[in-house]
Amino acid sequence: MHHLTGPEAYSNAEQVAAIGAAVGRELTFVEVDPAEAGAELFAHVPPPMLERMLGSFAQTVGVPPEITATVEDVTGTPGRTFTRWARDHAADFTA
């Protein structure tokens, strides 16, 4: 299995800000307790699976993300930054 990442780590707030910049809007990320938001955000996920999924999300809090060179190793082209990806996909966020 390949772990694909871009060349930089972005927080959730930074990702939302990058998408906002790409679409010309100021967006704000507000963190909420996953236990409170989980059922609403993932209504299609069965409760036992949702509990495991939220638990796996919780395990990543405070853990630095892994940055890999796998995209470049596989494709010969470096991975894009999240900011570049957001600009490239701006239309996907305004549809």
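Side-chain atoms of Val71 and Pro78, non-hydrogen and from C-beta on, never get closer than 4.5 Å to each other.
Here the CZ-NE2 distance, from Arg84 to His89, works out to 10.0 Å after rounding to the nearest 0.5 Å. One distance of note links OG1 of Thr81 with CZ of Arg87; it measures 6.5 Å at 0.5 Å rounding. A distance of 12.0 Å separates CD1 of Ile19 from OG1 of Thr94, quoted to the nearest 0.5 Å. Here the CG atom belonging to Leu4 is positioned 6.0 Å from the OG1 atom belonging to Thr70, to the nearest 0.5 angstrom.
Between Asp88 and Arg80, the shortest heavy-atom distance links the atoms OD2-NH1, 2.7 Å. Among all heavy-atom pairs drawn from Ala18 and Ala86, the shortest one is O-CB, 3.8 Å. Shown here for Ala90 and Ala22, the closest heavy-atom pair between the two residues is CB-O, 3.5 Å.
Under a 4.5 Å side-chain heavy-atom cut-off, the cluster of Ile, Leu, Val, Met, Phe, Trp and Tyr residues that includes Leu41 is completed by Phe42, Val45, Met49, Leu50, Met53, Leu54, Phe57. Counting side-chain heavy-atom gaps under 4.5 Å among Ile, Leu, Val, Met, Phe, Trp and Tyr, Val63 is found in no cluster with other residues.
By the 6.0 Å contact criterion, NE2 on His2 is open, its count of non-hydrogen atoms from other residues, nucleotides or ligands being 12 or less. Applying the 6.0 Å contact sphere to CD of Glu14 captures more than 12 heavy atoms from other residues, nucleotides or ligands.
Taking the six-membered ring for Trp and thresholds of 30 and 60 degrees, Phe82 and Tyr10 have ring planes inclined between 30 and 60 degrees apart.
In the hydrophobic cluster analysis, where Ile, Leu, Val, Met, Phe, Trp and Tyr join through side-chain heavy atoms closer than 4.5 angstrom, Phe29 is grouped together with Trp85.
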